[in-house]
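Read through the structure below, which is laid out as structure tokens, and then see the notes.
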Amino acid sequence: MAERGIELKGSSFTLSVLHITSTDIARVREQLQDKIAQAPEFFRAAPLVINIEKLSNIPDFTALAAVVRELELVPVGVSGILDDQGRAAARAAGLAVMTTGKVPAAATSPSPALLNQPGTRVHRGPVRSGQQIYAPNGSLVVLGAVSNGAEVIADDSIHVYGALRGRAVAGAKGNEHARIYCQQLMPELVSIAGHYQLSDGLQGDHWEQPVSLYLAGEQLKLDRL
């Protein structure tokens with residue numbers, strides 16, 4: 001029997017999040033140092049995520065990470081970034097770009113007409129890693145999130161009323177009019193009628209936003225919902 005190699009699986013961990021309200025690195029250092037002094041053993045070598053959603057400007061991520069390390073914490077990533085420039089700056093500093101998993105306020109419920117459409121399959125709850133949901137000859141409605149490593153497939157359109165983090169394959173039998181709708185775009189892969197796009201090509205202005213995807217010619221297009 002061949003020896004099994006490594007495995008990559010999705011998981012979740014509890015991490016401390018440092019919310020900063022200023023790009024003044026010296027000020028952040030001082031305030032963080034005061035916080036650590038209240039429970040030094042708790043924070044020693046603890047992984048830390050830096051959240052910048054309250055900032056209007058991109059901070060110096062390299063300097064921020066250096067301050068965090070200096071105070072014996074481990075900076076693992078940045079959350080709250082809303083644009084490509086910020087993502088590029090974080091990655092240049094060796095930090096992961098992380099998402100909070102929050103569902104945008106634009107979240108809505110499916111219409112009764114959609115739920116009662118002939119051939120529509122409705123899945124209630126999250127689609128977990130390793131799980132596959134298929135709607136043959138119709139649309140698929142997911143009332144929950146699609147996790148990393150999960151896959152949702154439909155011969156018609158796919159509607160995800162939650163975050164789409166896994167793979168979504170619409171128009172599986174070649175329906176070029178199929179669409180993919182989701183309330184938070186963060187997929188590993190999306191595909192319509194065999195035309196696909198990986199996450200790297202989607203991480204622009206529509207990332208983490210409620211969108212619909214459709215096929216125009218041989219290219220996938222996105223519209224903000």
When you measure from the side chain of [X] to the backbone of [Y], do you find a donor-acceptor pair of N or O atoms at a distance under 3.5 Å?
X: Glu188; Y: Gly149; answer: yes
X: Asp155; Y: Asn137; answer: yes
X: Ser139; Y: Ile158; answer: no
X: Arg121; Y: Tyr134; answer: yes

Taking all non-hydrogen atoms of both residues, which atom of Gln197 and which atom of Gly201 are closest, and how far apart?
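Scanning both residues, the minimum pair turns out to be OE1-CA, 3.8 Å.
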Considering all heavy atoms, the nearest Ser191-Ile180 contact
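The answer is O-CD1, 3.6 Å.
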Determine whether [X] and [Y] make a side-chain contact, defined as any pair of heavy atoms from C-beta on separated by less than 4.5 Å.
X: Ile81; Y: Ile52; answer: yes
X: Leu71; Y: Leu32; answer: yes
X: Gln31; Y: Arg27; answer: yes
X: Thr120; Y: Leu140; answer: no
X: His123; Y: Val152; answer: no
X: Pro75; Y: Leu64; answer: no
X: His195; Y: Leu215; answer: yes
X: Val67; Y: Arg69; answer: no

Applying ring-ring contact (aromatic ring centres under 6.0 Å, His included) as the test, list every pair that has at least one member in residues 205-225; sequence neighbours left out.
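Qualifying pairs, neighbours excluded: none.
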For residues 55-85, which residue pairs qualify under ring-ring contact (aromatic ring centres under 6.0 Å, His included), counting only residues two or more places apart or in two chains?
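For residues 55-85, and leaving out neighbouring residues, there are no ring-ring contact (aromatic ring centres under 6.0 Å, His included) pairs at all.
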Evaluation steps, side chain to side chain contact (heavy atoms under 4.5 Å, CB included), between Ile192 and Leu220:
CA-CA 8 Å; Ile192 298 176; Leu220 292 182; 3.8 Å; yes
Test side chain to side chain contact (heavy atoms under 4.5 Å, CB included) on Lys173 and Asn175; report intermediate values, then the result.
CA-CA 6 Å; Lys173 290 184 178 178; Asn175 180 3; over 6 Å; no
Under a 3.5 Å cutoff, is there a donor and acceptor pairing between the side chains of Arg179 and Ser212?
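Distance-only check passes for Arg179 and Ser212.
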Greater than 12 external heavy atoms within 6.0 Å of His177's NE2:
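No, not enclosed.
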With side chain to side chain contact (heavy atoms under 4.5 Å, CB included) as the criterion, how do Ile133 and Ile153 come out once you've worked through the C-alpha distance, each side chain's angles and the decisive distance to 0.1 Å?
CA-CA 6 Å; Ile133 305 294; Ile153 307 171; over 6 Å; no
